Amino acid sequence: MSQNHILQGEDLFKKIISHSKEYAFIYPSSEIYDGLSAVYDYGAYGAELKNNIRAYWWQAMTYLHQNIVGIDAAIFMHPTTWKASGHVDAFNDPLIDNKDSKKRYRADVLIEEYIAKLQDKIQKEIDKARKRFENFDEQLFRNTNPRVKEIQEKIHQIESRFKKALEDNHLDEIKQIILDCEIVCPVSGTKNWTDVRQFNLMFATQMGSVSDEANTIYLRPETAQGIFVNFLNVQKTARMKIPFGIAQTGKAFRNEIVARQFIFRMREFEQMEMQFFVKPGTEMEWYEYWKEARLKWHLNLGFTPDKYRFKDHTKLAHYANAACDIEFQFPFGFKELEGIHSRTDFDLSNHEKYSGKKLQYFDVEENKSYVPYVVETSVGLDRLFLAILSAGYKEEMVENEIRTVLSIPPALAPVKAAVLPLVKKDGMPEIAEKLWNELKYIGKIIYDDKDSVGRRYRRQDAIGTPYCITIDNQTLQDETVTIRHRDTMEQIRLPLNKVYNYIEQNTSITELLKKL
RNA sequence: GCGGAAGUAGCUCAAUUGGUAGAGCUUUAGCCUUCCAAGCUAAAGGUUGCGGGUUCGAGCCCCGUCUUCCGCUCCA
């Protein structure tokens, strides 16, 4: 009998990475040139699996809801988009490292903390004086006390230097301020600093032939803004009434300081996002609704529920009033798979402000216009891909041999079935070819007549093919074939003319959606 | 970006003190085979990540660089 070979953690992760490459799922980008850091390409079966995951999401969103429609916005967007969204400010951090403690800090935070310390000093002087004098006049004290005046002057100097340095993007000057103020590392206590470096998480490029500042555009760091800027277009032309959602899948780009863990954090990645527009005040109900709906969608894939959990955000982003993640147990621990955020009216209001265009909805029931609130669901397609691989990868002992099998949902499997003539003679290949030609409209079907049938079964196990159809001696007599199941290795016998429906039913995304 | 470890065939790994780059699996072609990686024959696959240096001679030693994994850090 079979015995599970328990794999976890780093061992499992390494196996998945090499399995991905060996079986045409994922390769490092531009590998013949040594690869490109944190960029990967999807191979023959990887691309199929990825397409299937995307289809499962897209159909669940847009087919199963009357009030959700999809769009496909461009990656390039007007530069002001990213000012309105907050990405220009929030994604621009001057960072500095202490060489002794190896700790990294935001240079602007170090300086601000130093200024705060000076202000504490002034406060102490004031508190002391308050105790000493009756009829204490704080303003007078501030204006006259030489010690306080001196510190106040220093703060003023640093602030104006700092402000100018930030505006001019003068990183050397920011470092000089840190040195001049003799700011030390809280951990090592030394002033042994590296240069200040700017980390902009957005990739910039030029549009048009002349490269100057004005032509700088960014590769989108999230797909959501393509939905927000199209809010009115979609609402009016697709005739949507609140509450309604807009769904989109597509590439996004972030110049991560550290991008790691295989395809978990890549510089180029694909998001599947749905922005749900609701009446202000009802957002928390919808937030709860989507939390449940999204978890259910994940659980419907059939992996054990203990691999998923919710994690509430304690520190909320600048746009959110509630946020949580659906975390998945990857080989390297529980990590974010999907984010569900209540984004308030932050994005739409800001786009109103920056564009000067009204982005409001006229509610006939309320007889008034308002800026809708937004509840967002955002999944990383690549992360989901990795989740499915890591949950599905198994090594079993079968008669003292290791059987490697990708136990992934049949509806998502890159190859739906393999057609195998038991031997390459007696007309079996001809029947198999004919069957392949019938089945090919279902999805990717493999024909294989090389090597022993056992070996062919194992090859299909390794890429997660749920069904193997074998044409054998009995087929020649009664037109039945065996269908062998990937997970149990058990076989059933079926008439040739029933095979199409059997495979189609058991591997269709539609059937998976019906279970939701 | 810092620190640690690593990089040899598609995959997993060898290669004595610095002395002719190998094996298993996989792949391809064929033989034999009637249900779970069987056997036989043959073939393919490498500028040892890349670039320098030391040496009569470098996969091995030194320097640089790229990539990956781990730990920090970062993740609106």
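Quick note on labels: first sequence line is chain A, next is B, and so on, each numbered from 1. Excluded from the calculations below are hydrogen atoms, water molecules and symmetry mates; all remaining heavy atoms, backbone and side chain alike, are included. Values in this document were obtained by computation on a predicted structure and should not be read as measured data.
Atoms CZ and CD, from A/F231 and A/Q275 in turn, are 11.5 Å apart once rounded to the nearest 0.5 Å. The distance from atom CD1 of A/I177 to atom CD1 of A/I111, rounded to the nearest 0.5 Å, is 4.5 Å.
At a cut-off of 3.5 angstrom, the base of B/C11 holds no donor-acceptor pair with the side chain of A/S18. Not a single donor-acceptor contact under 3.5 angstrom links the side-chain atoms of A/Y33 to the base of B/C66. Between the side chain of A/R484 and the base of B/C35, no donor-acceptor pair of N or O atoms lies under 3.5 Å. With hydrogens and angles ignored, no donor-acceptor pair closer than 3.5 Å exists between the side chain of A/E336 and the base of B/C75.
If you take atom C1' in B/A9 and the same atom in B/A14, they sit 13 Å apart, rounded to whole Å. Taking the C1' atom of each, B/U28 and B/G10 are spaced 13 Å apart, rounded to whole Å. B/G7 and B/G59 have their C1' atoms separated by 11 Å, with the value rounded to a whole Å. Across the C1' atoms, B/U8 and B/A23 are found 13 Å apart, a figure rounded to whole Å. Nucleotides B/G49 and B/C35 place their C1' atoms 44 Å apart, quoted to the nearest Å. Using C1' as the reference atom, B/A15 and B/G51 are 24 Å apart when rounded to the nearest Å. Between B/A58 and B/U20, the two C1' atoms lie 14 Å apart (nearest whole Å). Rounded to the nearest Å, the gap between the P atom of B/A5 and that of B/C63 is 13 Å.
Checking B/G22 for Watson-Crick or G-U wobble geometry (two distances, each under 3.5 Å) identifies B/C13 as its partner. The partner of B/C2, taking Watson-Crick or G-U wobble pairs whose two distances both stay under 3.5 Å, is B/G71. If you check B/U8 for Watson-Crick or wobble pairing at under 3.5 angstrom, you find it has no partner at all. A 3.5 Å limit on both hydrogen-bonding distances identifies B/G49 as the Watson-Crick or G-U partner of B/U65. In this structure, B/A42 forms a base pair with B/U28, meeting either the Watson-Crick or the G-U wobble geometry with both donor-acceptor distances under 3.5 Å.
Between A/K424 and A/R265, the one whose closest nucleotide on RNA chain B sits nearer the 5' end is A/K424. Nearer to the 5' terminus of RNA chain B, by closest-nucleotide assignment, is the contact made by A/Y23 (compared with the other of A/Y23 and A/I17).
Using a 4.0 Å heavy-atom distance criterion, A/T470 is classed as a base contact. Heavy atoms of A/D426 sit under 4.0 angstrom from at least one base atom. As judged by a 4.0 angstrom heavy-atom cut-off over every strand, A/K21 is placed among residues touching the sugar-phosphate backbone only. At the heavy-atom level, A/F262 lies under 4.0 Å from the strands shown only through sugar-phosphate atoms.
For A/R343 and A/E222, the salt-bridge test passes: some basic side-chain N is under 4.0 Å from an acidic carboxylate O. Salt bridge annotation for A/R455-A/D448: absent, with no cationic side-chain nitrogen under 4.0 angstrom from a carboxylate oxygen. In summary, A/E338 and A/R294 engage in a salt bridge, as defined by a charged side-chain N under 4.0 Å from a carboxylate O.
Of the side-chain N and O atoms in A/R459, none sit less than 4.0 angstrom from OP1 or OP2 of B/U26. Between A/S452 and B/A38, a side-chain N or O to OP1/OP2 separation shorter than 4.0 Å is present.
Between B/A37, B/C11, B/U68, one nucleotide has an atom nearer to the side chain of A/S37 than all others, and that is B/U68. Of the candidate nucleotides B/U27, B/C36, B/G10, B/G10 has the atom lying nearest to any side-chain atom of A/E22.
Ring-plane geometry between A/F330 and A/F332 is classed as parallel, the angle between the planes falling under 30 degrees on a 0 to 90 degree scale with a further cut at 60.
A/H341 and A/E376 share a donor-acceptor pair across their side chains, judged by distance under 3.5 Å alone.
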